[in-house]
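A quick write-up on the structure given underneath.
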Amino acid sequence: MPYRQTIAAAYDAGVEEEYNRLTETPLREAEYQLIVELLDEYIHRGSVVIDIGSGPGRYAEHLLQRNCRVGLIDLSAKSLKAFSDRMEDSCNSDNIIFNRVSCATQLDWVDDCLADAILLMGPLYHLVSDKHRNLTLANCKRILKPGGLLFTVFLSPFPVVNSGLDSIITHTNFQGYDVPQFRCMPGIAKKIMKNNGFDTLRIRNIEGIASFMSIETISEIITTDKKSDFLNTLRKTSETEKRLGMTHQYLIITKSI
Ligand SMILES: C[S@@+](CC[C@H](N)C(=O)[O-])C[C@H]1O[C@@H](n2cnc3c(N)ncnc32)[C@H](O)[C@@H]1O
């Protein structure tokens, strides 16, 4: 099956799972929190933001609540439908610029210099060819205003191979589909970004050190009164230089040059 169909079929089958993912365990709640607080720090209220690979749109919804104008793009029609169903009665729905099925590599229909910021939190690690990743980044560069910000999630090879291997393709079974994943260390991610006209501002492991703990340990630590201490510890350890790329996922914030 061509990669676009595989991704669309897998995420169409997993809309509910994907929507619930960011609230179902303390680790995933931390992921959401550690990303959202960076979005809030860098994206001003009222900005135009394009979420490429939005899934069911939890981050887009958050940005709409901050008065941003948001466009959503995904290969999964059912994920986008779940978002529009949720937004049907929302007072923020006038600020949805578009909500459209499309591949991150094929965005000619999006205007030049439209966005203050782009979220690319999914597509880049599902695109396993250099050509497709570069096409996607060229689209982001064109759609962003000069100096615009790009928030990209990468997967790291470290937790799966336990060594400093620079990059690797892995496969995961999602909803019965064999979904490919490109993984690379932060140094490579920075080079990919630089080669496509983006300077790196910041990198954050989006699970902090909790990636190294079992669910049982985390559940023992997290009682309601300890939750914010736990999150503080993750936040403090999420940007330690020598640990960057040791967890499954990291967010890289870059600026268009
Ligand atoms: C793991 S989900 C992440 C959703 C959301 N961005 C988040 O961070 O929670 C990855 C999403 O990227 C989408 N995706 C993957 N490759 C894509 C591509 N080439 N073009 C558009 N969307 C893509 C998938 O359909 C899926 O909804």
Side-chain angles (χ1 to χ4, degrees), residues 1-25 27-39 43 49-64 70-84 86 98-110 117-140 143 150-156 169-175 177-183 204-207 248-253:
M1 200 189 269
Y3 76 89
R4 290 188 186 104
Q5 273 166 264
T6 305
I7 298 286
Y11 283 100
D12 272 353
V15 177
E16 212 178 305
E17 187 172 335
E18 196 46 38
Y19 182 68
N20 293 333
R21 184 175 69 89
L22 295 169
T23 51
E24 70 191 353
T25 67
L27 189 55
R28 301 277 72 94
E29 280 183 65
E31 169 182 339
Y32 179 76
Q33 189 55 41
L34 291 178
I35 288 182
V36 142
E37 65 191 29
L38 288 183
L39 302 184
I43 301 177
V49 186
I50 309 303
D51 188 353
I52 307 175
S54 61
R58 272 198 190 269
Y59 294 103
E61 191 172 347
H62 174 78
L63 290 164
L64 284 168
V70 181
L72 291 87
I73 295 167
D74 204 286
L75 282 170
S76 160
K78 289 194 179 164
S79 298
L80 294 176
K81 165 103 175 45
F83 171 77
S84 49
R86 262 189 357 266
F98 51 71
N99 180 13
R100 182 162 160 176
V101 174
S102 191
C103 181
T105 59
Q106 298 174 325
L107 298 178
D108 292 354
W109 56 274
V110 185
I118 292 180
L119 313 189
L120 189 63
M121 305 199 301
L124 222 60
Y125 59 73
H126 282 315
L127 291 167
V128 293
S129 89
D130 292 347
K131 183 180 156 200
H132 287 149
R133 286 193 299 278
N134 291 336
L135 267 175
T136 297
L137 291 171
N139 282 325
C140 292
I143 294 165
L150 177 61
F151 295 77
T152 309
V153 169
F154 277 90
L155 298 184
S156 171
I169 306 295
T170 56
H171 292 260
T172 186
N173 186 296
F174 185 57
Q175 304 292 327
Y177 294 89
D178 183 47
V179 177
Q181 299 168 317
F182 167 73
R183 294 173 176 263
R204 172 176 272 194
N205 286 336
I206 55 184
E207 299 109 342
H248 275 282
Q249 314 180 75
Y250 56 93
L251 175 72
I252 169 162
I253 306 176

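Remember, predicted model here, so these are calculated numbers, not experimental data. Whatever order the structure lists ligands and atoms in, that order sets their numbers, starting from 1. Numbers here simply count residues along the sequence, with the first being 1.
- Among protein heavy atoms, atom 17 (C) of ligand 1 sits closest to Leu75 CD1, 3.5 Å.
- In this structure, atom 16 (N) of ligand 1 lies nearest to the protein heavy atom Pro123 CA, 3.6 Å.
- Atom 19 (N) of ligand 1 has its closest protein heavy atom at Cys103 SG, 3.4 Å.
- For atom 13 (C) of ligand 1, the closest heavy atom belonging to the protein is Asp74 OD2, 3.4 Å.
- Taking the centre of each ring, Phe151 and Tyr59 stay at or above the 6.0 Å mark.
- Remark: distances from the non-hydrogen atoms of Leu119 to ligand 1 are all 4.0 Å or more.
- Nearest non-hydrogen protein atom to atom 20 (N) of ligand 1 is Ala104 N, 2.9 Å.
- Contact annotation: for Ser54 versus ligand 1, heavy atoms closer than 4.0 Å belong to the backbone alone.
- By the 4.0 Å heavy-atom criterion, Ile52 is excluded from the residues contacting ligand 1.
- Heavy atoms of Arg58 come nearer than 4.0 angstrom to ligand 1 in no pair at all.
- Look at Ser102 and you'll find a heavy atom under 4.0 Å from some atom of ligand 1.
- In terms of modelled atom types and a separation under 3.5 Å, the side chain of Ser102 and the main chain of Gln106 share a donor-acceptor contact.
- Annotation for Gly57 and Arg86: closest pair O-NH2, 3.5 Å, computed over non-hydrogen atoms.
- For Phe151, the closest heavy-atom approach to ligand 1 does not fall below 4.0 Å.
- Here Arg4 has no heavy atoms under 4.0 Å from ligand 1, in either its backbone or its side chain.
- Judged by the shortest distance from any of its heavy atoms, Tyr32 lies outside the 4.0 Å radius around the atoms of ligand 1.
- For the atom pair CG of Leu127 and CG of Leu135, the computed distance is 9.0 Å after rounding to the nearest 0.5 Å.
- For Ile73, no nitrogen or oxygen atom sits less than 3.5 Å from a nitrogen or oxygen atom of ligand 1, counting backbone and side chain alike.
- Look at Arg58 and Glu61 and you find no salt bridge, because none of the NZ, NE, NH1 or NH2 atoms lies under 4.0 Å from a carboxylate O.
- Using modelled atom types, one finds no donor on one side chain facing an acceptor on the other under 3.5 Å when comparing Thr105 with Arg133.
- In summary, the aromatic rings of Tyr3 and His132 are positioned with their centroids under 6.0 Å apart.
- Between Tyr11 and Phe174, the ring planes lie tilted relative to each other; the angle falls in the 30° to 60° range.
- For Arg183 and Tyr125, the positive end is not near the middle of the six-membered ring at less than 6.0 Å and at most 45° from its axis.
- The single protein non-hydrogen atom nearest to atom 3 (C) of ligand 1 is Met121 O, 3.4 Å, given as residue, atom name and distance.
- Among protein heavy atoms, atom 4 (C) of ligand 1 sits closest to Gly53 O, 3.5 Å.
- With respect to the salt-bridge test (charged N to carboxylate O, under 4.0 angstrom), the residues Glu18 and Lys78 do not qualify.
- Residue Leu22 places no N or O, backbone or side chain, under 3.5 Å from any N or O of ligand 1.
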- Task: Report the C-alpha distance between Arg204 and Leu34 in whole Å, list the side-chain angles of each, state the deciding distance to 0.1 Å, and finish with yes or no for side-chain contact (heavy atoms from CB on, under 4.5 Å).
- Result: CA-CA 8 Å; Arg204 172 176 272 194; Leu34 291 178; 3.7 Å; yes
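- At distances below 3.5 Å, not a single donor-acceptor pair connects side-chain atoms of Asp74 with backbone N or O atoms of Val101.
- In terms of protein heavy atoms, atom 9 (O) of ligand 1 is closest to Arg21 NH2, 3.0 Å.
- Remark: ligand 1 atoms within the under-4.0 Å shell around heavy atoms of Tyr125 are 1 (C).
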